[in-house]
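Let me begin by presenting the structure, written as structure tokens, before commenting on it.
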Amino acid sequence: MKLATYNVNGINGRLEVLLRWLDQAKPDVVCLQELKAPDEKFPRRQIERAGYGAIWHGQKSWNGVAILVRGQEPLETRRGLPGDPDDTHSRYIEAAIDGIIIGCLYLPNGNPAPGPKFDYKLRWFERLHSYAAQLLELDVPCALVGDFNVMPTDLDVYKPERWRDDALFRPEVRAAYADLIAMGWTDAIRLLHPDDQIYTFWKYFRNAFARNAGLRIDHFLLSSSLVEQLQACGVDKFARAWEHTSDHAPAWIELDDR
DNA sequence: ATGCCTGGTGGGACCAGA
């Protein structure tokens with residue numbers, strides 16, 4: 001199974017780019033973030049025509065997540081992260097696919113920090129921590145996939161010293177990410193490339209992509225049984241170079257079939 | 001050092017993103 005994550009930054013504005021990438025990369029499962037569209041504006045027919053079944057949790061203007069599966073309809077197991085019934089953001093959707101629970105998440109950005117948005121990010125992280133513990137207790141292969149809006153270490157930032165006080169890099173959020181790792185989740189890309197500089201996001205301005213001034217913020221966290229199936233990973237930087245593209249590049253992992 | 005770009009909304013500048 002080739003499992004990918006892609007923050008599309010507007011699924012309708014980037015539909016041509018998304019379809020082009022699906023055609024070239026041919027992932028089996030795709031976790032999408034930042035649909036920036038309400039449920040009724042999800043481009044279901046075009047996604048179907050590309051050969052993918054889909055579930056989605058949209059929202060007007062912002063956020064929004066979806067899971068695409070090639071040649072089948074995803075079996076939805078959850079929509080919305082538990083722990084706060086008043087949370088109106090569409091940031092989590094989950095499906096069971098070929099015996100694997102795949103959670104697609106879009107963690108809050110949290111800027112400016114400190115402030116209410118940063119507080120919301122930390123609260124969301126706490127809820128994710130609680131739920132991630134429940135998932136591991138199920139003793140089923142699980143993956144938490146998506147835009148975590150966290151650079152886990154200095155290696156994941158082009159200029160760490162400039163990002164120290166940013167909501168994506170402050171000690172609190174790096175600690176929250178590290179807590180997930182300590183709980184038993186494995187960062188798939190970092191496992192396969194412990195020392196390589198790998199980015200998944202580049203700002204639009206100041207020619208950041210050409211300068212490779214990037215961040216690694218899109219991650220695959222795998223339960224221990226899934227780690228055994230991990231074969232390869234990559235970042236499709238070629239799609240970041242396209243016209244009218246997202247500020248993120250798609251990232252993917254390859255799992256062997258059991 | 002900095003939303004420097006970009007999309008969405010709504011029909012003009014904003015808000016949000018990272």
Side-chain angles (χ1 to χ4, degrees), chain A residues 5-21 31-43 46 56-66 87-92 104-122 124-125 128 146-174 176-177 189 197-219 235 237 239-251:
Chain A
T5 182
Y6 191 12
N7 179 323
V8 285
N9 190 10
I11 192 164
N12 289 304
R14 315 286 190 196
L15 189 56
E16 292 305 311
V17 165
L18 174 61
L19 294 175
R20 183 178 171 192
W21 171 72
C31 294
L32 296 175
Q33 303 88 33
E34 274 206 89
L35 305 181
K36 292 185 170 179
D39 281 341
E40 62 272 20
K41 289 196 176 166
F42 185 87
Q46 292 93 325
W56 58 93
H57 190 196
Q59 183 179 335
K60 190 179 177 185
S61 307
W62 299 301
N63 310 318
V65 285
D87 186 0
T88 56
H89 295 202
S90 297
R91 296 184 177 275
Y92 188 85
C104 168
L105 65 92
Y106 175 46
L107 221 134
N109 174 304
N111 276 307
K117 290 184 178 179
F118 190 63
D119 294 341
Y120 173 65
K121 180 176 195 169
L122 294 179
W124 210 92
F125 235 133
L128 179 61
D147 178 357
F148 284 69
N149 270 317
V150 180
M151 297 85 88
T153 72
D154 282 8
L155 182 56
D156 303 310
V157 196
Y158 65 99
K159 271 192 178 158
E161 63 278 10
R162 284 212 187 159
W163 288 82
R164 295 278 175 224
D165 294 326
D166 191 276
L168 281 72
F169 201 48
R170 282 175 62 112
E172 301 95 317
V173 295
R174 279 186 285 136
Y177 187 86
I189 291 179
Q197 184 185 73
I198 296 171
Y199 301 141
T200 62
F201 167 89
W202 299 260
K203 292 175 289 187
Y204 283 122
F205 42 82
R206 276 200 180 264
N207 214 16
F209 184 62
R211 293 186 296 120
N212 198 28
L215 310 172
R216 190 174 74 96
I217 55 177
D218 300 277
H219 306 300
V235 178
K237 283 185 73 173
R240 181 62 180 78
W242 291 342
E243 293 291 314
H244 306 298
T245 198
S246 170
D247 39 9
H248 294 248

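Every chain is numbered from 1 and lettered A, B, ... according to where its sequence line falls, protein lines coming before strand lines. Note that the coordinates shown come from a computational prediction; the quantities given were computed from them, not determined experimentally.
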Does A:D156 use its side chain to pair, donor to acceptor, with the backbone of A:R216 at less than 3.5 Å?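 Here the side-chain-to-backbone pair does not exist.
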Interatomic distance, [X] [atom1] vs [N] [atom2] [rounded to whole Å]:
X      : N      : atom1 : atom2 : value
A:E34  : B:dG8  : CD    : P     : 10 Å
A:Q59  : B:dT9  : CD    : C1'   : 14 Å
A:W202 : B:dT6  : CH2   : C1'   : 17 Å
A:Y158 : B:dA1  : OH    : P     : 11 Å
A:F205 : B:dA1  : CZ    : P     : 15 Å
A:F209 : B:dT6  : CZ    : P     : 14 Å
A:R14  : B:dG17 : CZ    : C1'   : 11 Å
A:N63  : B:dG17 : CG    : P     : 7 Å

Tell me what [X] touches on the nucleic acid: a base, only sugar-phosphate, or nothing, going by heavy atoms under 4.0 Å.
X      : result
A:F169 : nothing
A:N111 : base
A:K121 : nothing
A:R162 : base
A:N7   : sugar-phosphate

Parallel, tilted or perpendicular, judged at 30° and 60°: which one describes the rings of A:W202 and A:F209?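 A:W202 and A:F209: perpendicular rings.
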Fit a plane to each ring of A:Y92 and A:W124, take the angle between them on a 0 to 90° scale, and name the class: parallel (under 30°), tilted (30 to 60°) or perpendicular (over 60°).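 Because their plane-to-plane angle lies in the 30° to 60° range, the rings of A:Y92 and A:W124 count as tilted.
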Using atom [atom1] in both nucleotides, what's the gap between [N] and [M] to the nearest angstrom?
N      : M      : atom1 : answer
B:dC14 : B:dG3  : C1'   : 14 Å
B:dA1  : B:dA13 : C1'   : 25 Å
B:dG11 : B:dC15 : P     : 15 Å
B:dC4  : B:dG10 : C1'   : 25 Å
B:dG7  : B:dG12 : C1'   : 16 Å

Choosing from B:dG3, B:dG7, B:dT9, which nucleotide comes nearest the side chain of A:K60?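 Nearest to the side-chain atoms of A:K60, counting from C-beta on, is B:dT9.
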For a quick test of reading the model, state the closest non-hydrogen atom pair linking A:Y199 to A:L155 and the distance between them.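 Result for this residue pair: CE2-O, 4.1 Å.
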Need to verify one output field. Residue with the more 5' nearest nucleotide on DNA chain B, A:G110 or A:A37?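 With A:G110 and A:A37 compared, the 5'-side residue is A:A37.
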5' precedence on DNA chain B between A:N149 and A:Y204 (nearest-nucleotide basis):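 Taking each residue's closest nucleotide, the earlier one in sequence belongs to A:Y204.
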Could you check whether any side-chain heavy atom of A:P43 comes within less than 4.5 Å of a side-chain heavy atom of A:N12, counting everything from C-beta outward?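 They are in side-chain contact.
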Would you say A:K36 reaches B:dA16's phosphate, i.e. side-chain N/O to OP1/OP2 under 4.0 Å?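 Answer no for this pair, as no side-chain N or O of A:K36 is under 4.0 Å from OP1 or OP2.
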Taking OP1 and OP2 of B:dC5, is either one under 4.0 Å from a side-chain nitrogen or oxygen of A:R206?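 Indeed not, no polar side-chain atom of A:R206 lies that close.
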Pairing donors with acceptors under 3.5 angstrom, does anything connect the side chains of A:K36 and A:N9?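 Side chains of A:K36 and A:N9: pair found under 3.5 Å.
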